[in-house]
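Keep in mind it's a predicted model, so treat the numbers as computed, not measured. Residue indices begin at 1 and follow the sequence shown. Whatever order the structure lists them in is the order used to number ligands and atoms, beginning at 1.
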Amino acid sequence: ENGDQKKEPACFSTVIPGWFSEMSPMWPGEAHSLKVEKVLFQGKSDYQDVIVFQSATYGKVLVLDGVIQLTERDECAYQEMITHLPLCSIPNPKKVLVIGGGDGGVLREVARHASVEQIDMCEIDKMVVDVSKQFFPDVAIGYEDPRVNLVIGDGVAFLKNAAEGSYDAVIVDSSDPIGPAKELFEKPFFQSVARALRPGGVVCTQAESLWLHMDIIEDIVANCREIFKGSVNYAWTSVPTYPSGVIGFMLCSTEGPDVDFKHPLNPIDESSSKSNGPLKFYNAEIHSAAFCLPSFAKKVIESK
Ligand code: SAM
């Protein structure tokens, strides 16, 4: 008998039968897995592969190009933070732009702000919008708000054509920089965001994981320090189904009235947003805490 020929234990299989394993060159050497109860949708849009499955422990899951975008169980941690970190940091936001975010969850959160009069959204992929309306009604409920104006198109082109100084806040809820979202992480895009914001306006953009992507984060921070003359900050939150279990945000403001992101001044009046369900994750304490960085990241981010 040849001892080298031993059968590998099942837990070593690259894809565990009956489980979804998330593999990408963006997190080499690791693959978070979820047990699949049932595949509910599989499609191919002009931009990406779209899958929805029922998981055993996280509810329904939306996957784009093999990467988890949201699960019913933990989407609150992402959608509430990416929205309320910027909007609770400025008084009276009125005009808000969302780039990406086709599932509608950020819209649901923006809609909690009674001061908001107009919510523009530019998502590249109509299939994400349709699939979310079909399978994630508690997330896509954001589309029901009459202030929402949805444009299907590329966020890069949309921002190039946006009127100068027109938005109080821009929220960039993008997928990873491999695929259609690549340009949403590049300098020219940040320049057009800054142009579209009013003086003292704010941007919050999905900015990857401290554990996996310090190189990407360093570049984003360096670009933002050049472009945004108000303040530049990194915040993060815990999302168990994102690679490494955390995700970060870049929060910047343009030159103008000072924005102190670490001390929220515009609390949400929960009575005005009953139809969107209660907040599950965000509160004023976690808002301020989100800007506390581990030492290894603090050193790099503050040196840029
Ligand atoms: N809201 C999700 C969550 O809860 O985690 C996060 C991801 S959201 C589904 C990301 C969206 O960005 C996708 O729907 C994708 O189609 C969209 N997107 C990617 N590139 C884009 C671009 N260049 N312009 C507009 N939208 C884009």
Between OG on residue S55 and CD on residue E37, distance to nearest 0.5 Å =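 Result: 7.5 Å between the selected atoms.
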key: Amino acids in close contact with ligand 1, where any non-hydrogen atom sits under 4.0 angstrom away   =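 Heavy-atom contacts below 4.0 Å: Q48, L64, Q69, L70, Y78, Q79, G100, G101, G102, D103, C122, E123, I124, D125, V128, G153, D154, G155, D173, S174, S175, P180, A181, L184, Y242.
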message = Does anything in residues 208-243 form a ring pair (Phe, Tyr, Trp, His ring centres under 6.0 Å)? List the pairs, not counting sequence neighbours.
response =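 Sorted result for residues 208-243: Y78-Y242, W211-F296.
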inquiry  = Suppose we screen for ring-ring contact (aromatic ring centres under 6.0 Å, His included). Which residues come up paired with Y58, at least two apart in sequence or across chains?
reply    =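 Y58: no ring-ring contact (aromatic ring centres under 6.0 Å, His included) contacts found.
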Any side-chain donor near an acceptor of the partner, H263 and H287, under 3.5 Å =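 No, because no side-chain N or O of H263 sits under 3.5 Å from a partner of the opposite role on H287.
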ask   = For V131, what are the other residues in its hydrophobic cluster, where any two members join if their side-chain heavy atoms are less than 4.5 angstrom apart?
value =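 Noted: V131 shares its cluster with L40, F41, V50, V52, L62, L64, L70, M127, V128, F135, F136, V139.
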ask   = Can any side-chain N or O of T254 pair as donor or acceptor with the backbone N or O of G200 at less than 3.5 Å?
value =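 Answer holds: yes.
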